Enquirer: 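Quick one: the structure is below, and I'll ask about it shortly.
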Amino acid sequence: MISAPPDTHPQADEVLFLPLGGTGEIGMNLNLYGHDGHWLMVDLGITFGGDAFPDYDVLMADPAFIVSRRQRLAGIVLTHAHEDHVGAVAYLWKRLKCPVYATPFTAAIARYKLARAGLDGVPVQELPLGARFEAGPFGVEYIGMTHSIPEPNALLITTPAGAVFHTGDWKLDDGPVIGERYDITRLRLLRREPVLAMVCDSTNAVVAGSTGSEAGLLAPLREIVDAAAGRVVVTSFASNVARLVTLARVAEATGRRFGVIGQAMERMVAVARATGYWPADLPELVDARHLGYLPREEVLAACTGSQGEPRSALSRMAADSHRDILLDPGDTVIFSSKLIPGNERPVQQVQARLRALGCELVTDTDAHVHVSGHPAAEDLKRLYDWVQPPAVVPTHGTPRHLRANADIARGCHVPRVAVVANGDVCRLTGDGPQVLGQVPTGRLALDTDGRLAPVPAGVLAEMRAAVG
């Protein structure tokens with residue numbers, strides 16, 4: 001392994017990109033940008049050990065490199081409120097002690113997490129959509145994108161040495177159910193900026209075609225609910241507020257009453273209401289405690305548990321032990337979500353229990369009940385054509401995803417492409433990306449007492465091998 005100098009220090013004539021998490025894997029994003037002696041952190045997320053590593057429930061990138069340089073850390077900029085981008089802030093802020101920047105929806109989620117951790121005094125600076133601000137020697141501009149959560153943002157990070165376009169998580173949804181359409185005008189104007197490189201989401205780079213619109217789910221979901229005789233329960237990612245709005249519309253159109261079950265989902269609805277993302281014209285939600293008293297044919301409920309989480313609402317329903325609602329033969333359960341690799345066994349176990357109860361199951365392999373929040377190959381090509389970056393650095397994906405994104409970029413005639421890994425110190429200049437060396441990386445895990453501890457080297461090697 002090449003070693004970067006232990007006194008790695010960004011110079012005034014360069015921008016450094018250093019991912020500590022989320023590059024070569026999916027989840028626990030932690031990205032650093034360096035310039036003129038300072039660092040800027042973009043996102044600070046978690047992931048989960050899953051069925052393969054049940055002793056390591058909550059995982060996050062080890063921030064040791066930047067903790068030892070925290071006096072030079074200008075701040076943490078959050079692109080959006082998904083757990084793999086914001087979930088570690090409450091666990092790691094005490095080690096970093098710097099300002100946190102976020103747009104309103106993300107700021108509300110971050111404040112909630114910090115308050116639960118007893119960190120009410122953290123300086124979370126709430127910024128409007130499209131804001132431009134300064135953090136140390138960095139200028140930062142939020143650029144609106146579309147994704148599967150409100151307020152997804154790309155970032156244009158500017159310095160006197162040049163700029164970097166960091167996409168965050170994104171898709172090109174021309175008909176978002178909530179929020180604004182991606183800012184196509186600003187994206188096309190980026191080709192006029194002094195962009196050194198585009199650091200780009202690779203999650204769906206292996207998928208051909210274009211990712212569909214969230215709005216395209218209304219009709220197929222309504223068709224399934226129309227045909228259902230008993231209760232309909234839909235499990236999805238709690239953060240997908242647009243999916244919940246779609247389901248509320250389906251309930252209204254089919255004469256059913258709608259409610260959400262699960263703390264994470266209830267919290268997302270509350271934050272959506274507070275930040276103006278829950279449509280005022282929707283019927284009032286039924287409290288989860290009352291759903292079980294309604295006639296079966298009147299119930300449409302959304303719940304947590306799409307990944308087979310053992311303490312989720314759906315897992316308890318499958319075990320016939322949920323406090324508020326029990327399922328009967330003939331009820332329908334829709335998995336309106338993508339199966340995250342590593343969760344196959346717990347999801348299969350939940351589905352087997354549901355079938356044993358006599359429930360009808362519908363997954364994304366049976367019908368059009370889910371649409372991704374990430375760009376497929378044709379979406380990547382469109383964005384590369386608009387921005388015309390001189391260099392691309394794929395991020396957020398396994399090595400297979402990164403290579404696929406790199407191939408797409410080369411096919412779009414991007415002059416320089418650099419595939420890097422967590423720990424690579426990548427120098428960005430007008431001459432293109434150059435890997436200078438590597439810094440040590442690792443993972444921290446939350447133990448049963450709520451304390452963070454490094455993942456042992458042997459287990460870490462297994463985790464990395466499992467990613468491929």
Side-chain angles (χ1 to χ4, degrees), residues 4 8-20 22-23 29-43 66 72-75 77 79 132-143 145 153-168 170 183 186-202 375 380-381 383-397 402 405-439:
T8 299
H9 188 81
Q11 303 300 310
D13 62 347
E14 66 183 0
V15 177
L16 300 182
F17 172 58
L18 170 54
L20 297 181
T23 298
N29 293 274
L30 196 173
N31 303 287
L32 294 172
Y33 288 95
H35 171 70
D36 196 15
H38 291 80
W39 294 92
L40 184 72
M41 184 181 294
V42 174
D43 292 329
I66 192 61
R72 295 187 174 275
L73 181 60
V77 182
T79 60
R132 301 184 184 192
F133 62 98
E134 293 183 357
F138 304 93
V140 182
E141 177 186 352
Y142 275 117
I143 299 175
M145 302 296 282
N153 295 283
L155 304 175
L156 183 65
I157 302 170
T158 58
T159 75
V164 179
F165 177 50
H166 182 102
T167 69
W170 63 279
D183 191 346
R186 187 68 184 98
L187 292 171
R188 284 176 166 162
L189 287 173
L190 286 174
R191 67 177 64 179
R192 301 181 185 177
E193 301 282 352
V195 172
L196 300 171
M198 177 172 163
V199 177
C200 185
D201 177 11
S202 307
L380 288 163
K381 292 176 184 177
L383 192 57
Y384 289 145
D385 179 61
W386 294 341
V387 178
Q388 295 186 8
V392 164
V393 181
T395 189
H396 199 194
L402 302 183
N405 194 355
D407 289 342
I408 292 168
R410 293 187 187 101
C412 293
H413 307 293
V414 174
R416 300 177 181 91
V417 179
V419 177
V420 302
N422 289 333
D424 283 350
V425 182
C426 185
R427 186 173 189 256
L428 305 175
T429 68
D431 295 327
Q434 177 190 6
V435 176
L436 304 179
Q438 294 176 319
V439 301

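Quick note: residue numbers are just sequence positions, from 1. This structure is a prediction, so every number in the text was calculated from the model and none was measured.
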Enquirer: Any idea which heavy atoms bring Arg416 and Gly432 closest together, and the distance?
Expert: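 Nearest pair, atom of Arg416 first, then Gly432: CD-CA, 3.3 Å.
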
Enquirer: Could you report the tightest heavy-atom contact between Pro19 and Val420, atom names first, then the distance?
Expert: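 Looking at all heavy atoms of both residues, the shortest contact is CG-CG2, 4.3 Å.
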
Enquirer: Return the CE to OG1 distance between Met145 and Thr79, rounded to the nearest 0.5 Å.
Expert: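 Rounded to the nearest 0.5 Å, the CE-OG1 separation comes to 10.5 Å.
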
Enquirer: Would you sort out whether Leu16 and Leu32 count as a side chain to side chain contact (heavy atoms under 4.5 Å, CB included), showing the intermediate values?
Expert: CA-CA 8 Å; Leu16 300 182; Leu32 294 172; over 6 Å; no

Enquirer: Kindly compute the distance separating CG (Leu73) from CE (Met41), expressed to the nearest 0.5 Å.
Expert: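 That separation rounds to 5.5 Å.
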
Enquirer: Please report the interatomic distance CG(Leu383) to CZ(Phe165), rounded to the nearest 0.5 Å.
Expert: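 Going from the CG atom of Leu383 to the CZ atom of Phe165 covers 5.5 Å.
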
Enquirer: Looking only at heavy atoms, which two atoms of Gly162 and Val15 are closest? And how far apart?
Expert: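 In terms of heavy atoms, the two residues are closest at O-CG2, 4.0 Å.
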
Enquirer: Under 4.5 Å between any side-chain heavy atoms of Arg186 and Glu193, yes or no?
Expert: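 Yes - at least one pair of side-chain heavy atoms lies under 4.5 Å apart.
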
Enquirer: What are the two closest heavy atoms between Val414 and Pro389, and how far apart are they?
Expert: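 Result for this residue pair: CG1-O, 3.7 Å.
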
Enquirer: Looking only at non-hydrogen atoms, find the nearest pair between Ala418 and Pro433 and report the distance.
Expert: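 The answer is CB-CB, 3.6 Å.
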
Enquirer: Taking C-beta and beyond as the side chain, do Gln11 and Arg427 meet within less than 4.5 Å on heavy atoms?
Expert: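 Gln11 does not reach Arg427 side chain to side chain.
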
Enquirer: With side chains defined as the heavy atoms from C-beta onward, is the minimum distance between Ile157 and Val77 less than 4.5 Å?
Expert: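 A side-chain contact under 4.5 Å is absent here.
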
Enquirer: To the nearest 0.5 angstrom, please state how far the CZ atom of Arg72 sits from the CG atom of Asp36.
Expert: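 Interatomic distance, Arg72 CZ to Asp36 CG, rounded to 0.5 Å: 9.0 Å.
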
Enquirer: Determine whether Val387 and Arg191 satisfy the following criterion, side chain to side chain contact (heavy atoms under 4.5 Å, CB included), listing intermediate values before the conclusion.
Expert: CA-CA 5 Å; Val387 178; Arg191 67 177 64 179; 5.8 Å; no

Enquirer: To the nearest 0.5 angstrom, please state how far the CG atom of Asn405 sits from the SG atom of Cys200.
Expert: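 Interatomic distance, Asn405 CG to Cys200 SG, rounded to 0.5 Å: 5.0 Å.
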
Enquirer: Do Val199 and Tyr33 come close enough that some side-chain heavy atom pair is under 4.5 Å?
Expert: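 Yes, close enough: below the 4.5 Å cut-off.
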
Enquirer: Less than 4.5 Å apart, any side-chain heavy atom of Val417 and any of Asp407?
Expert: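 Side chain of Val417 against side chain of Asp407, heavy atoms only: no contact under 4.5 Å found.
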
Enquirer: Answer yes if the side chains of Tyr142 and Asp183 hold a donor-acceptor pair under 3.5 Å, and no otherwise.
Expert: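 Asp183 and Tyr142 do not have a side-chain donor-acceptor pair below 3.5 Å.
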
Enquirer: Set out, in order, the CA-CA distance, both residues' side-chain angles and the distance that settles side chain to side chain contact (heavy atoms under 4.5 Å, CB included) for Val164 and Val393, then state yes or no.
Expert: CA-CA 10 Å; Val164 179; Val393 181; over 6 Å; no

Enquirer: Please report the shortest heavy-atom distance between Ala406 and Pro394, naming the atom on each side.
Expert: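 Taking Ala406 first and Pro394 second, the nearest heavy atoms are N-CG, 4.0 Å.
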
Enquirer: On the 0 to 90° scale, with breaks at 30° and 60°, tag the His35-Phe138 ring pair as parallel, tilted or perpendicular.
Expert: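 Ring orientation of His35 relative to Phe138: perpendicular.
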
Enquirer: Output the distance between atom CG (Leu40) and atom CG (Leu155), rounded to the nearest 0.5 Å.
Expert: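 The CG atom of Leu40 sits 8.0 Å away from the CG atom of Leu155.
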
Enquirer: Kindly determine whether Thr429 and Asp13 satisfy side chain to side chain contact (heavy atoms under 4.5 Å, CB included), including the steps that lead there.
Expert: CA-CA 8 Å; Thr429 68; Asp13 62 347; over 6 Å; no

Enquirer: For a 4.5 angstrom cut-off between non-hydrogen side-chain atoms, does Thr158 reach Glu141?
Expert: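 A side-chain contact under 4.5 Å is absent here.
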
Enquirer: Can you name the one residue among Asn422, Val42, Leu20 that meets side-chain contact (heavy atoms from CB on, under 4.5 Å) with Asn31?
Expert: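 The single option meeting the side-chain contact (heavy atoms from CB on, under 4.5 Å) with Asn31 is Val42.
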
Enquirer: In terms of side-chain heavy atoms, does Thr167 have a donor or acceptor partner in Asp201 at a distance below 3.5 Å?
Expert: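 No, Asp201 and Thr167 have no side-chain donor paired with an acceptor closer than 3.5 Å.
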
